[in-house]
Amino acid sequence: MRVNFVLSEVATGLRRNLTMTVAMILTTAISLGLMGTGLLIAGMISDMKEIYYDKVQVSIFLADDVTDEQRAAIDQQLSGSPEVANHIYESKDEAYARFQQQFSQQPELVQNTPPDALPESFRVELVNPERYSVIAAEFPNGQNGVDQVRDEGDFLDRLFSLLNGARNATIAVAVVQALAALLLISNTIQLAAFNRRNETNIMRLVGASRWYTQLPFILEAALAGLIGALLAIGGLVVTKILFVDKTLAGPIRAGIIPPVDWGAIAFISPVIAAAGVGLAAVAAYVTLRLYVRI
Amino acid sequence: MIELQHVTKLYPASSRPALEDVSTEIDKGEFVFLIGSSGSGKSTFLRLLLKEDDPTKGNVIVNGKTLNTMSKWQVPKLRRTIGCVFQDFRLLRNRTVAQNVAFALEVINKPQRTIKRVVPEVLEMVGLEGKANRLPSELSGGEQQRVAIARAFVNRPLVLLADEPTGNLDPETSEGIMLLLERINRTGTTVVMATHDYHIVDSMRRRVIELNGGVLTRDQSRGVYGVGR
Ligand SMILES: Nc1ncnc2c1ncn2[C@@H]1O[C@H](COP(=O)(O)OP(=O)(O)O)[C@@H](O)[C@H]1O
Ligand SMILES: [Mg+2]
């Protein structure tokens, strides 16, 4: 195969339909960028599940007037319970410190919250997170120094269903965009084949192999797919630096949201690139098969 | 070399067949005129030999291969043994004469060494040695057709198909083209030329196959254009 010949055909083809090529690259980039975002959110969700579900499932908030004896009794009861895998005590000061860190981005809120406004609590990890009601029954609200027992799992379930929704929406938009990208690729290839019909007609007549005739078009699409993928990866990197690392810095440091680390981006980048190149090449191949006589 | 066995070609959405029960045989090294008025089926005849299209009925055999049963991926190999020339030259406008001829070899993966050697040879043979670096737009019609012939012949095909190659040319220029096709025929290449230029047919006195509304009505060696002329 004459590499120079094929490459110069590819370059000419891309230049000749510049507007279509740009549209094709941008749509591909947006689609792949959203796909990458969806994958990152999915990764984040599973990281968050590890952070949250594994630690706190039930919070037992203590009343303001709890006595030392009551506190010790609760501690002992938790230690003795077969339902409890683990539990830690959080004092008012610790709760406030965590609160300060969590809301470091909103200093007014921190300033307007007196240090003793936050209750002390026991954070309990259950052997079986489903058995929240058993613990709740053991520590009735408003008795023996207990103010309130809260099922964090319930809250988390709602949080995660929200996050899952966000992930699904992102992926759905990515799929729609991918369809648009595929149609654009198909169109661009048809246009490219039309522009090069004299060349391809002669190639057919002198007995160039089908593969030789098709390759420039397929490479043209694959190259556009690759450029789109690189743009998408660039977009993810910029989003991480400008949005995730800056705007979400507080919650990330506080451990509420897991960080999007470079490893995750490095991991999905080849997936995005392969998807971009592969889909574009397949779209081009199918288009040539269906619409173009070669 | 070339054989048609009871070939009928009916284009879809057409009531009358373009070729109807045509049988003939053309031997290696022959020079054959395919004549008939416009629409009589000459181009269809040539297209079937190239497997650009398949017959509706019957068999087409070229260079010992039955085209009906030939698989798609074998078609390029068949076409490498057939050269073709058309009325409208079909040159690439943005390539020079030499590049146009070289293109036919590049796309079938001939080594650059071979291309460098054979392109000047064939350009000399068709009488364009000084014009290798011209663009088609800088050539006369006759010269453009010579480039097309050079491109068709450069890979030394067994068969050369010419579909009204002189259709766009004046009589003197046509004569030059005919001399060139005769010369190619003398190298052993079978030449099948569709035409309705009776001057040429009459002056050459070669085998004539006449089509009339898709039906083969005459097959005559050393023929002339009109019967009884
Ligand atoms: N691609 C096609 N589709 C439908 N009909 C065609 C096609 N090509 C040729 N024909 C018809 O077949 C007949 C023969 O055409 P053609 O082989 O081109 O004749 P010629 O070359 O002798 O002028 C004509 O009636 C023409 O209209
Ligand atoms: Mg014709």
Side-chain angles (χ1 to χ4, degrees), chain A residues 1-21 188-223 281-282 284-294, chain B residues 46-47 49-53 62-63 65 70-86 88-95 99-115 136 147-163:
Chain A
M1 183 108 341
R2 210 169 300 282
V3 177
N4 274 345
F5 168 78
V6 172
L7 290 186
S8 83
E9 291 301 306
V10 169
T12 317
L14 287 174
R15 238 179 303 120
R16 202 150 29 178
N17 319 313
L18 197 60
T19 43
M20 285 294 275
T21 306
T188 311
I189 293 305
Q190 285 178 57
L191 197 64
F194 180 77
N195 283 335
R196 288 186 9 98
R197 65 194 178 285
N198 292 333
E199 278 88 349
T200 44
N201 271 333
I202 291 165
M203 285 167 93
R204 201 172 73 225
L205 285 174
V206 300
S209 67
R210 211 184 151 85
W211 182 230
Y212 205 104
T213 315
Q214 288 180 343
L215 196 65
F217 297 108
I218 293 174
L219 283 184
E220 196 175 318
L223 185 63
V282 169
Y285 179 77
V286 171
T287 302
L288 293 170
R289 278 266 140 153
L290 293 183
Y291 299 109
V292 184
R293 185 156 185 241
I294 279 180
Chain B
L46 298 181
R47 285 162 54 80
L49 299 185
L50 271 172
K51 201 168 162 72
E52 276 261 62
D53 231 323
V62 177
N63 298 336
K65 306 240 164 47
M70 181 179 275
S71 70
K72 247 195 175 127
W73 58 269
Q74 285 177 307
V75 173
K77 223 170 131 199
L78 166 79
R79 292 189 182 149
R80 286 176 199 195
T81 64
I82 304 174
C84 6
V85 183
F86 302 90
D88 56 358
F89 318 138
R90 303 198 186 172
L91 301 177
L92 299 174
R93 290 187 321 183
N94 53 353
R95 289 175 206 257
Q99 286 167 347
N100 263 284
V101 176
F103 184 81
L105 297 174
E106 281 166 3
V107 300
I108 57 170
N109 259 329
K110 288 279 179 198
Q112 205 64 47
R113 252 178 310 112
T114 314
I115 296 176
V147 179
I149 292 171
R151 181 179 64 193
F153 187 64
V154 70
N155 196 30
R156 304 286 157 157
L158 300 172
V159 182
L160 184 74
L161 305 179
D163 194 351

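Bear in mind the structure is a predicted one, so any value in this text is a computation, not a measurement. Chain A is the first sequence line, chain B the second, and so forth, proteins listed ahead of strands; every chain is numbered from 1.
For B/I108 against A/V206, the heavy-atom pair with the smallest separation is CG2-O, 3.5 Å. Among all heavy-atom pairs drawn from B/R80 and A/G207, the shortest one is NE-O, 2.7 Å.
When heavy atoms are compared at a cutoff of 4.5 Å, B/R93 does not approach chain A at all.
Atoms CZ and CG, from B/R79 and A/L205 in turn, are 6.5 Å apart once rounded to the nearest 0.5 Å. We find the CG-CG distance between B/L91 and A/N198 to be 10.0 Å, quoted to the nearest 0.5 Å. Here CZ of A/R204 is found 9.5 Å from CG of B/L50. Values are rounded to the nearest 0.5 Å.
Contact annotation: the side chain of B/R95 approaches that of A/E199 to within less than 4.5 Å [non-hydrogen atoms, C-beta and beyond].
Applying the side-chain contact (heavy atoms from CB on, under 4.5 Å) rule to B/A150 yields the partners B/V101, B/V122, B/L123, B/V126; only residues at least two apart in sequence or on another chain are considered.
Residue pairs meeting the side-chain hydrogen bond (donor to acceptor under 3.5 Å, both in side chains) criterion with at least one member in residues 147-162 of chain B, sequence neighbours excluded, do not occur.
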